[in-house]
2 protein chains.
Amino acid sequence: MKINGKDQTAIWVKNKTIYFIDQRKLPFAYELYTAKTVDDIAYAIKDMVVRGAPAIGAAAAYGMALGCKTPEKTATILRSTRPTAHDLFYAVQYMLNHLKNGKDPFTVAETFVQDIIDRCRRIGDHGNTLIKDGMRILTHCNAGALATVDYGTALAPFRAAHAQGKNIFIYADETRPRLQGLLTAWELHQEGIPHVLIVDNAAGYFMQLGQIDMVITGADRIAANGDSANKIGTYEKAVLAKKHHIPFYVAAPISTFDKSLATGKEIIIEERSPLEITHPFKSQLMPEWVSVKNPAFDITPSELVTGYITETGVIKKLL
Amino acid sequence: MKINGKDQTAIWVKNKTIYFIDQRKLPFAYELYTAKTVDDIAYAIKDMVVRGAPAIGAAAAYGMALGCKTPEKTATILRSTRPTAHDLFYAVQYMLNHLKNGKDPFTVAETFVQDIIDRCRRIGDHGNTLIKDGMRILTHCNAGALATVDYGTALAPFRAAHAQGKNIFIYADETRPRLQGLLTAWELHQEGIPHVLIVDNAAGYFMQLGQIDMVITGADRIAANGDSANKIGTYEKAVLAKKHHIPFYVAAPISTFDKSLATGKEIIIEERSPLEITHPFKSQLMPEWVSVKNPAFDITPSELVTGYITETGVIKKLL
């Protein structure tokens, strides 16, 4: 990803310290968060210093490297941080498997993270084959480089299309409550890709006007039948896309698929703090007496999904 | 409406001064805005001290009373404040017609406003016939007493059902960008009606769970074929309701119907200031460089509407 014109990644290691672009500070300020212990990593995952399934996986891999002397204890701490993040469990298990044979734990983690980055680059290349010159594409939440160490999942095809000289225009849903659409806008702004941020309520309006040609979102977890869990509101956009005959793609690495889940009904939806709604960026938007409910994810049934953009290619329909 | 346990209205007159509950201050503070001139009224409409089609109509009627010595000039000033508010034009014309025969202008305006209140009360009674005990109902924006001087349009049936002892539960969309859902939550809180506020992204999720039995929204303008203009996001909820076989009702006084418009396509959609998105309640939520688009309304096609709750009864389908 480009930041201030230079290529860099969202997470990196130097001298056994893990550096994160602090996503709680973006898009207002570009600051780094440093982690030297497993608890620092757990905090980063819980408090959303780092967010997005693959990036959380990368953080967990580095966390396992930091806690390599007590791998089972470290695994327990890291697994408890986010219940819907399948990549987190995958990363922890990968590290447990590979730490056994005496390899340097940071080298193992680095290999794991490089693999994530490479998969995202390939998601971008495959997704780019779906994008025609002039297309206007809606995305929800931030499935960008910030969420995946580099390139992104949903945003990777935009980067690839833009790099190839295609003219594209991105509508970024602001994505209440946490407004991750601002992270998407920040990445697109840094990359020089034309875009606009809209409130979540306006996506249907622009579809009605015929100004959206495609939707690409990420996914936190995909069941065996193709039902996918993603940020709250994704389901609404999928229903609207279907209504308007707009192709709706889910971009995610193969590791997001969880064949142990027959359908999306088995995915547990996390309900998060009311403060996310009432106090975005920790500033008070609503009075104390307001009663809210804050489901963090929803399930998009496979029948609303045109295809899955993965590192191995575009899968039009799952079995 | 109840405020701190007492019955009152959202707009009233005393000694040729018009008092408004200042909706820019709600729900954080209960403050009054006073208008003594036509310009004060125009400012109140433009800056959303008062909002909602019928309340704007009431404000305009009082504005015509204040500017009764130069009725045509006053009419021009008031008509220029909000292009989609049909009730504004209706109120101005009503006053022009009735000021001619020498009646006291404040008495004429008062009669007009009492008629609005009475129509809302009847909308509540008719809407209540659709509500069964135990129903969970979604509403979008604030079509409440604040928007209509008293009772509300979409909220009037909730008040009537609650007064009759029916158990109901209301989901209030927060309604970005201006978060008018907070006004709805404030009214329901004052009235003691069980409710919760959700982000606009979550309505589809609760429909998927089978936790929403009905949707009632207001309307700013309704075309001859039943297409209705309402707050941005209403269309998304209507599409979702249809998908889930949930009845979707539009509550509005007959004056909202504009037979001069064949379909919703003829309704001009106002694009409002980007600051509404980036600076809700005038506090900065987004950095300066963020590029946004802010359409204020959308059109819900009549085929998505189960019926129209009016002061003369529930109209199931327009011709």
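A note on names: the letters A, B, ... follow the listed sequences, proteins ahead of strands, and every chain is numbered from 1.
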Go through the atoms of A:Leu304 and report whether side chain, backbone, both or neither lie under 4.5 Å from a heavy atom of chain B. side chain
Residues of residues 172-181 of chain B near chain A, each having a heavy atom less than 4.5 Å away: B:Glu174, B:Thr175, B:Arg176, B:Pro177, B:Leu179
Bottom line for B:Lys237: the part with an atom under 4.5 Å from chain A's heavy atoms is side chain
A:Leu285 and B:Pro280: which non-hydrogen atoms are nearest, and at how many Å? CD1-CG, 3.9 Å
Contacting moiety of B:Lys243, where chain A heavy atoms sit under 4.5 Å: side chain
Can you confirm whether A:Gln208 sits close enough to B:Pro301 that some side-chain heavy atom of one is under 4.5 Å from a side-chain heavy atom of the other? yes
Are A:Ile269 and B:Tyr205 packed together at the side-chain level, in the sense that at least one heavy-atom pair is separated by less than 4.5 angstrom? yes
As an exercise, state the distance from CZ of B:Phe297 to CG of A:Asn201, rounded to the nearest 0.5 Å. 12.5 Å
State, yes or no, whether a side-chain contact exists between A:Leu182 and B:Val290 at a heavy-atom distance under 4.5 Å. yes
Identify which of B:Trp289, B:Phe206, B:Tyr171, B:Phe281 forms the greatest number of heavy-atom pairs closer than 4.5 Å to chain A. B:Trp289
Who among B:Pro274, B:Gly233, B:Ser283 has the most heavy-atom pairs with chain A under 4.5 Å? B:Gly233
Honestly, the part of A:Glu236 sitting under 4.5 Å from a heavy atom of chain B is both
CG/A:Leu240 to CG/B:Leu240 distance, rounded to the nearest 0.5 angstrom? 5.5 Å
Option in B:Lys231, B:His140, B:Lys242, B:Met207 with maximal non-hydrogen atom pairs under 4.5 Å from chain A: B:His140
For chain B, which of A:Leu209, A:Asn294, A:Val199, A:Ile198 has the most heavy-atom pairs under 4.5 Å? A:Val199
With heavy-atom distances below 4.5 Å as the criterion, would you say the side chains of A:Leu197 and B:Ile277 are in contact? yes
Is A:Val239 close to B:Val239 at the side-chain level, that is, under 4.5 Å between some pair of heavy atoms? yes
